[in-house]
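The block underneath contains the structure these notes are about, expressed in structure tokens.
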Amino acid sequence: MKKLNTNKLTDKQADLFKKNLVYIATVDENGNPQVGPKGSMTVLDPSHMQYLEKTKGAAFENIKNGSKVALVAADVPSHTAVQVLATPHVHEDDEYAKKIVSGTDTPNAFVVVLDIDEIFE
């Protein structure tokens, strides 16, 4: 993948994230990778993405311990993929989190907002 000279998603790139399952990668304090799907991933705007952290598993612990994240969405039939490196911000019990999770079936979820740092295609 080639690094693009931007941190803003194009409409086409955003659609790839909206229409496909997104995988998130983090690293633990020893540098060990953790990868898993995030079905609740959404694109907020060209510079931000967001998901609901429901499992509070390894990825969430890694983020709370300072890990940056890598996200990838791929459309297999077209051989198209986009990767994003991002800085996460966790909203646990603040007003933003309450507003977002109140309309979902997961009222105990946390909200993770991702500031896009780099984009690769």
- [ ] For residues Ile63 and Thr26, determine if any side-chain heavy atom of one lies less than 4.5 Å from a side-chain heavy atom of the other.
- [x] yes
- [ ] Go through the side-chain N and O atoms of Gln50 and Tyr96 and say whether any donor and acceptor fall under 3.5 Å apart.
- [x] yes
Task: Approximate separation, where rounding is to 0.5 Å, of Asn20 CG and Met41 CE - done: 13.0 Å
Open item on the list: Within the 4.5 Å heavy-atom criterion, are Leu9 and Val84 side-chain neighbours or not?
Closed with: yes
Open item on the list: Show me the pairs that pass ring-ring contact (aromatic ring centres under 6.0 Å, His included) and involve residues 25-62, at least two apart or across chains.
Closed with: Phe60-Phe110
Open item on the list: Just to verify, which of Lys68, Lys3, Lys8 counts as forming a salt bridge (Lys or Arg N to Asp or Glu O under 4.0 Å) with Asp117?
Closed with: Lys68
Task: Donor-acceptor pair, side chain of Ser102 and main chain of Ile100, under 3.5 angstrom - done: no
Open item on the list: Measuring only between side-chain heavy atoms, which start at C-beta, is Glu53 closer than 4.5 Å to Lys38?
Closed with: yes
TODO: Report yes if the side chains of Phe17 and Thr42 come closer than 4.5 Å at any heavy-atom pair, otherwise no.
DONE: no
Task: Connected via hydrophobic side-chain network under 4.5 Å: Val22 and Phe120 - done: no
Task: Asp75 backbone acceptor or donor facing Thr80 side chain under 3.5 Å - done: no
TODO: Would you check if His91 and Val113 make a side-chain contact, meaning some heavy-atom pair closer than 4.5 Å?
DONE: yes
- [ ] Answer yes or no: are there more than 12 heavy-atom neighbours, outside Lys56 itself, under 6.0 Å from its atom NZ?
- [x] yes
Task: Gap between atom CD1 of Ile24 and atom CG of Leu114 - 0.5 Å precision - done: 6.0 Å
Open item on the list: Let me check something: do Val69 and Ile119 share a hydrophobic cluster, defined by ILVMFWY side-chain heavy atoms less than 4.5 Å apart, either directly or through other members?
Closed with: yes
- [ ] Mind checking side chain to side chain donor-acceptor pair (under 3.5 Å) for Asn32 and listing every partner two or more places apart, or none if nothing turns up?
- [x] Asp28
